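Predicted model, so just to flag it, every value in this text is computed and none were measured. Lettering follows sequence order; numbering is per chain, from 1.
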Amino acid sequence: MTASLTRRVDELLAGAFAACGLPTETARASRASRPELADLQCNGVMPLAKAAGRNPRELAAAIATALGERAEFDEVGVAGPGFLNLRLSAGFLAECAAAQASDHAHAGIEQVDTGLVMLDFGGPNVAKPLHVGHLRTLVIGESLRRILDAQGVRTLSDTHLGDWGLQMGMLLSELRLRFPDQPPGTLPPLTEHDLQVLYPEAAAACRADPARMDAARAATAALQAGDPDAYKVWSELRRISLEAQTRDFDLLGAHFDLLLGESDVQPLIPGMIADLRERGIAVESEGALIVEVATPDEAKPMPPLLLAKSDGAALYATTDVATLLARKREHDPARIIYVVDQRQALHFEQVFRAARRAGYADGIELIHAGYGTVNGPDGKPYKTREGNAAQLSDLLGDAIERAAERLPETTPDAERETLARLVGLAAVKFADLSSFRTSGYIFDAERMVSFEGRTGPYVQYACVRIGSILAKAASQGASAGPIAVTAPAERALVLECARLPDVVASASRNLAPNEIADYVFALAQSFSRFYSECPVLAADTDAERGSRLALCALTRMVMEKALWLLGIAVPERM
RNA sequence: GCGCCCUUAGCUCAGUUGGAUAGAGCAAUAGCCUUCUAAGCUAUGGGUCGGUGGUUCGAAUCCACCAGGGCGCGCCA
């Protein structure tokens, strides 16, 4: 049983608070904002002083006196209006580091059981290649999945394919126009590229020509009515495009337990609508079927959810509610997290409210983890020079190519490709996960692949250097020994490693992978400093070398774990 | 019109339950490779946290108003 450093300190603080007759909710330590004064600080005394009718500094002093006698602390001081400054003892730090290092499975990350969590991300549309708009949902969604997984939470990821609706009708009718002689129920020979341009052209034609749009609607209706020929062509289209999309998923390292789509819940819809009608939840309005989701006591306007068009056709929202129903029936998760563009916030609010009214979400916490857009240098959503949405594979390919150019001359040819891919993808992912989910960011290819400073490759590089030391140590027969914390850079590094459990817990609570990115960069910085200040193999004594080797191993374990949470893998060399 | 989000260093962005002197990277300047990978390390300069008022021991953070920007708002997804 390895309690994290902060957890152990929190317990000591809570004991001291209680001994002074104070509530213990705020008896928590955080990283010191002024490292020259302390390792950790506690701000929890000040808010309590007023309620207790006591002077905050006196209260803090009483706690400091009690704590200062413990072996875990070298010094406990009071500063300013009542900050508690904690300086940890070298022995305690060494003990915590050893405990964390021995936890090979979790690196100290606290395991929790919050019930099954379903993650909905990716969401590619059939016959449309993944584009820049899919980058964030895949990168953030996968990171959240890994963060939960690292906490021991059971997860189920589903990409929720856009494989139904009018877009399919557009495609089917477009194919019929282009290949009038094609036997019904068969797909003409199309290359992947043909398929990719088919949809944009079909959509444009439908927008421009009402007759084309009518044909698309008719084809949609036929497919939804179960026309066997339409179904055969559709399912072939779906298979081919999913193959290409799966390659992009694999390249990005996005893992899906389920590859379900909108089409999978269509059979549920008629029954669902009948049920909602019967119970008076769905009502007619202007010819369409809606669900009122506004509450009377609420000032904020909340438009109703449109459940079916006046012609009876199902909509995006219909499918989303039905998907919720299906997930409830088949998996009964405790939570569903939708990693979808922030611009769809209102849509999800409506879907969630409708599902709750219908009782389809009982016992399920529904969360829309929205994200901001990827923007070009002009601050507007990223476009290619031709004005189209850039394809995801092009974007990633570009980063990988630039990474390849940066590789040292000495890199063996056999490794170049793998290495460039690891480094290029790390650059893209780290840049994406560095800013908070809901804020958009400017995708500046030049900056991102410079690989200097606060980048994925910087962190990978730190990790590679650790590996290099450990490999050399092994070849020299030097082995790790007990950890002793003496040099300032060693102390800082141990403290940084010890933060991992807190950071993971917080990132999970806030669904914020950027907290992990912040952390892993700080850890890499901390190691880089240690690297330049503390010789390992050339340490003064065997004991010092052994301790530093152990520190290197601990740091690598923590760093690799943190990078894994971001979906970033570490090469052997770079 | 209504609603939601945003505004922090020249640029791109962080900023935990309100906490001490608001941080990082890039760019700029000055150093550091006969020692474990210089994709690195060290140091310096750079700020009216959009504006005004309020809440309190304390506000980038909470509240109100104002200015500027983005996004969304029943028969698309």
Side-chain angles (χ1 to χ4, degrees), chain A residues 25-26 28 30-34 37 41 43-44 46-47 49-50 56 79-83 85 123 125 162 164-167 203 262 285-291 300-311 313 315-317 319-320 341-347 349-350 370 372-373 375 379-380 403 406-408 423 431 434-436 438-442 444 447-448 450-455 457-458 460-462 464-473 476 502-503 506 509-510 512 514-515 517-518 521-522 524-525 528-529 531-539 548 552 573-574:
Chain A
E25 286 77 22
T26 61
R28 277 177 296 167
S30 57
R31 197 158 47 134
S33 58
R34 297 180 61 181
L37 297 180
Q41 69 184 74
N43 307 331
M46 291 171 283
K50 187 174 258 184
F83 297 103
N85 281 336
N125 291 314
W164 207 246
L166 185 60
Q167 50 184 345
E262 297 175 333
S285 164
E286 298 172 33
L289 197 62
I290 63 162
V291 177
K300 174 166 114 173
M302 181 56 62
L305 177 104
L306 195 58
L307 198 62
K309 301 201 285 189
S310 23
D311 66 2
L315 290 151
Y316 182 43
T319 303
D320 274 359
D341 195 313
Q342 183 62 28
R343 288 174 292 192
Q344 296 194 28
L346 178 60
H347 163 75
E349 180 72 30
Q350 292 173 304
T373 50
N375 301 320
K380 297 194 167 132
R406 297 273 311 204
L407 294 179
V423 173
S434 283
S435 46
F436 184 68
T438 54
S439 52
Y441 67 92
I442 293 183
D444 184 337
R447 184 202 314 280
M448 208 181 55
S450 72
F451 304 149
E452 271 146 32
R454 198 184 191 289
T455 63
Y458 170 92
Q460 287 177 315
Y461 181 69
V464 164
R465 294 215 286 193
I466 302 175
S468 180
I469 292 176
L470 293 175
K472 199 162 274 189
Q476 293 174 3
D502 307 319
V503 172
S506 174
R509 187 172 55 248
N510 301 325
N514 67 302
E515 294 184 22
D518 272 351
F521 177 67
Q525 267 187 320
S528 292
R529 184 164 206 159
Y531 182 92
S532 66
E533 288 179 12
C534 303
V536 178
L537 297 174
R548 286 178 178 173
C552 284
R573 283 187 289 274
M574 63 187 283

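Side chain to side chain, A:Glu262 and A:Thr319 fail the donor-acceptor criterion of an N or O pair below 3.5 Å. Judged by distance alone, the side chains of A:Gln41 and A:Ser33 do bring a donor and an acceptor atom under 3.5 Å apart.
In this structure, B:C36 makes no Watson-Crick or G-U wobble pair, since no nucleotide meets both defining distances under 3.5 angstrom. B:A64 is paired with B:U52 under the Watson-Crick or G-U wobble criterion, all donor-acceptor distances under 3.5 Å. The nucleotide B:A22 finds no pairing partner, because no Watson-Crick or G-U wobble arrangement with both distances shorter than 3.5 Å includes it. Base pairing of B:G74: no nucleotide in any strand meets the Watson-Crick or G-U wobble criterion (both distances under 3.5 Å). Remark: B:U17 base-pairs with no nucleotide; criterion is Watson-Crick or G-U wobble with both hydrogen-bond distances under 3.5 Å.
Within 90° of 0 lies the glycosidic angle of B:C33, which makes this nucleotide syn.
Set against B:A14, B:A39, B:C75, the side chain of A:Ala288 has B:C75 as its closest nucleotide. Across B:A20, B:G40, B:C13, the shortest atom-to-atom separation from the side chain of A:Ala79 is found for B:A20. The listed nucleotides are B:G19, B:C2, B:G15; the one nearest the side chain of A:Pro301 is B:C2. Comparing B:G72, B:C75, B:A20 against the side chain of A:Leu346 picks out B:G72 as the nearest. The A:Ser439 side chain lies nearest to B:C13 when the options are B:A77, B:C13, B:A39. Counting only heavy atoms from C-beta on, A:Gln525 has its side chain closest to B:A24 among B:G74, B:A24, B:A77.
Judged by centroid separation below 5.5 Å and plane tilt below 30°, A:Tyr531 does not stack onto the base of B:G40.
Comparing A:Met574 and A:Pro304 against RNA chain B, the residue whose closest nucleotide sits nearer the 5' end is A:Met574.
Nucleotides B:C62 and B:G68 place their C1' atoms 23 Å apart, quoted to the nearest Å. With both ends at atom P, the span from B:C66 to B:C2 equals 11 Å, rounded to whole Å. Nucleotides B:C6 and B:G10 place their P atoms 22 Å apart, quoted to the nearest Å.
Counting atom types as modelled, A:Asp341 pairs no side-chain N or O with a base atom of B:A77 as donor and acceptor under 3.5 Å. Looking at A:Ser435, its side chain has no donor and acceptor atom pair within 3.5 Å of the base of B:A14. Taking only distance into account, the side chain of A:Ser528 never meets the base of B:C41 through a donor-acceptor pair shorter than 3.5 Å.
The phosphate of B:G15 has OP1 or OP2 within less than 4.0 Å of a side-chain N or O from A:Asn514. Within the 4.0 Å cut-off from OP1 or OP2 of B:U42, at least one side-chain nitrogen or oxygen of A:Arg529 is found. Side-chain N/O atoms of A:Tyr316 include none lying less than 4.0 angstrom from OP1 or OP2 on B:A77. An OP1 or OP2 oxygen of B:U12 is reached within less than 4.0 angstrom by no side-chain nitrogen or oxygen of A:Arg454. A sub-4.0 Å separation between OP1 or OP2 of B:U37 and a side-chain N or O of A:Ser468 is present. OP1 or OP2 of B:C41 sits under 4.0 Å from a side-chain N or O of A:Tyr458.
Side-chain atoms of A:Arg548 come within 3.5 Å of backbone N or O of A:Pro535 as a donor-acceptor pair.
One can place CD of A:Glu452 at 6 Å from C1' of B:A39, the figure rounded to the nearest angstrom.
Under the 30°/60° scheme for interplanar angles, the aromatic rings of A:His347 and A:Tyr316 are found to lie parallel.
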